[in-house]
Student: 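The structure follows.
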Amino acid sequence: MRELLGELTAAISRRLSCVYCAVVETRGSTPQKAGAAMLVYPDGTQAGTLGGGCVEAEVKRRALHSLNDAGRPEVLTFCLDDDYGWDDGLICGGRMTILAHAVTADASGYYQRLRELADGGAGFTEAVVIGDAAGLPVGDRYLFDATGKSVAHIADRPAWEAVSANLTALSSRPQPVTRRGIAYLPALPRVTLFLVGGGHVGQAVATLASDVGFEVWVLDDREKFASPERFPTASRRIVGDIGMVLRDLAPSLTPATFAVILTRGHSHDEEALYHLANTPCGYVGMIGSKRKIRMIFEDLVAKGIKEEALARVHAPLGYNIGSQTVPEIAVSIVAELIACRNTGKGDSARSSWERKKETRGCTPGHCAGQ
């Protein structure tokens, strides 16, 4: 979305005509969910996708038509069990509602604000009128920042109070929803993935995590392992003593930080977890064998770290998918990170500290996530 909005604002600055098309509501099985967007240009080219196939082709056709009349935005609905399903093999009973809005100079401020909020990473909610239940013109759009404050609109007669009445706080991690004819499209706060260790696994995790929308930081005590060459997508690369850096950073970490410990050795892992276990990070995970994890947990308890803090640590981290290679390990880790980010929970392939303490073994179990 950030890249698409960058292209959109660039098109506006060049006075290049285009149509902004976005999925605003879905029911059942669909190729894309609410929030997916694309731009359509006068020559028929596009940026982004709504899932391809007949639906996307029809949206493009309608979008190109709207460029000629520059009228009000259209809200289009497609059922994937009729003519829009047969040619694509999408006979799954789903329904997609899509906004097609020709971009005009009058709306430039709205899109600029939308891009600023997306780049800022604190989260926001866009509300789009898609039905008559609200008694508002279909296609009107409203933008709220992370605190729920109104910041921009595309509406002749804005009705902020009516639209904000059904707004849900981002802290509750809402999903897209339609209430009284208004589609609410939340963009949750961007999560920072803090990789402690820049080895092969950390490098592979960073690549995948960047592709799925995490902002990546990496820390290593070796300069060449936290370099731009190894981590080109990282927004922050820190070189320094692991314990000292984490001690200084710990007070600034928040639930929007997911910390993953992937250092090159037992002592570094233990030192990192010592500083991270009591932070409010939304996720703390550590790689390693069951024996190593048991030893580290026992050492940290002896050093005063409470068992309750260790009980929330994902260790061993990631889903148990029988990983053998570095890329497979990265997939298992990032899958769990996505689950915790998107749903607030994730079944982890870690051991229960309480069971481990009683049995002196290490039985794979589940965790609630953060």
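What's counted below: heavy atoms across the whole structure, side chains too, no hydrogens, waters or symmetry copies.
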Student: Are the side chains of Tyr184 and Asn166 in contact, using a 4.5 Å heavy-atom criterion?
Tutor: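 Heavy-atom side-chain distance check passes, below 4.5 Å.
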
Student: Show the nearest heavy-atom pair for residues Gly198 and Arg230, with the distance to one decimal.
Tutor: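 That would be O-NH2, 2.7 Å.
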
Student: Report the relative orientation of the aromatic rings in His153 and Tyr142; use parallel for angles under 30°, tilted for 30 to 60°, perpendicular for over 60°.
Tutor: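 Tilted: the ring planes of His153 and Tyr142 meet at 30° to 60°.
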
Student: Check whether any side-chain heavy atom of Leu4 lies under 4.5 Å from a side-chain heavy atom of Leu39, and answer yes or no.
Tutor: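 They are in contact (side-chain heavy atoms under 4.5 Å apart), so the answer is yes.
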
Student: Which heavy-atom pair separates Ala100 from Val19 by the least distance, and what is that distance?
Tutor: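 Answer, listing the atom of Ala100 first, then Val19: C-CG1, 4.1 Å.
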
Student: I'd like to know if Arg264 and Asp221 make a salt bridge, using a cut-off of under 4.0 Å between side-chain N and carboxylate O.
Tutor: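 Judged by the 4.0 Å cut-off on N to carboxylate O distance, Arg264 and Asp221 do form a salt bridge.
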
Student: Would a single hydrophobic cluster contain both Leu64 and Leu76, if residues Ile, Leu, Val, Met, Phe, Trp and Tyr are joined by side-chain heavy-atom contacts under 4.5 Å?
Tutor: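 Result: yes, single cluster for both.
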
Student: Is any side-chain heavy atom of Thr254 less than 4.5 Å from a side-chain heavy atom of Thr192?
Tutor: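 When only atoms from C-beta onward are counted, Thr192 and Thr254 do not touch, as no gap falls below 4.5 Å.
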
Student: Taking side chain as C-beta onward, heavy atoms only, is Val163 less than 4.5 Å from Phe144?
Tutor: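 They are in contact (side-chain heavy atoms under 4.5 Å apart), so the answer is yes.
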
Student: Could you check whether Thr49 and Gln32, counting side-chain N and O atoms only, form a donor-acceptor pair closer than 3.5 Å?
Tutor: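 Note: Gln32 and Thr49 side chains miss the donor-acceptor criterion.
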
Student: Which heavy atom of Val40 sits nearest to which heavy atom of Cys21, and what is that distance?
Tutor: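 Taking every non-hydrogen atom into account, CG2-SG, 4.1 Å.
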
Student: Does Glu25 come within less than 4.0 Å of Arg95, counting only side-chain N to carboxylate O?
Tutor: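 The answer is yes: the pair qualifies as a salt bridge.
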
Student: With a 4.5 Å heavy-atom cut-off, do Val55 and Leu50 have their side chains touching?
Tutor: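 No, their side chains stay 4.5 Å or more apart.
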
Student: Could you pull out the closest heavy-atom pair between Phe258 and Leu337, with the gap in Å?
Tutor: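 Of all heavy-atom pairs spanning Phe258 and Leu337, the closest is CE2-O, 3.6 Å.
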
Student: Determine whether more than 12 heavy atoms belonging to other residues, nucleotides or ligands lie under 6.0 Å from atom CD of Glu328.
Tutor: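 Yes, CD of Glu328 has more than 12 neighbouring heavy atoms, counting only those of other groups under 6.0 Å.
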
Student: Do the side chains of Val334 and Asp211 get nearer than 4.5 Å, heavy atoms only?
Tutor: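 They are not in contact (no side-chain heavy atoms under 4.5 Å apart), so the answer is no.
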
Student: Are side-chain heavy atoms of Val260 and Val205 found at a separation under 4.5 Å?
Tutor: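 Not touching, per the 4.5 Å side-chain cut-off.
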
Student: Could Asp119 and Arg115 be called an ion pair, given the rule that one side-chain N must be under 4.0 Å from one carboxylate O?
Tutor: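 Salt bridge flag = yes for Arg115 with Asp119.
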
Student: Quick one: are Thr257 and Trp217 in side-chain contact, heavy atoms under 4.5 Å?
Tutor: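 Thr257 vs Trp217: side chains apart.
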
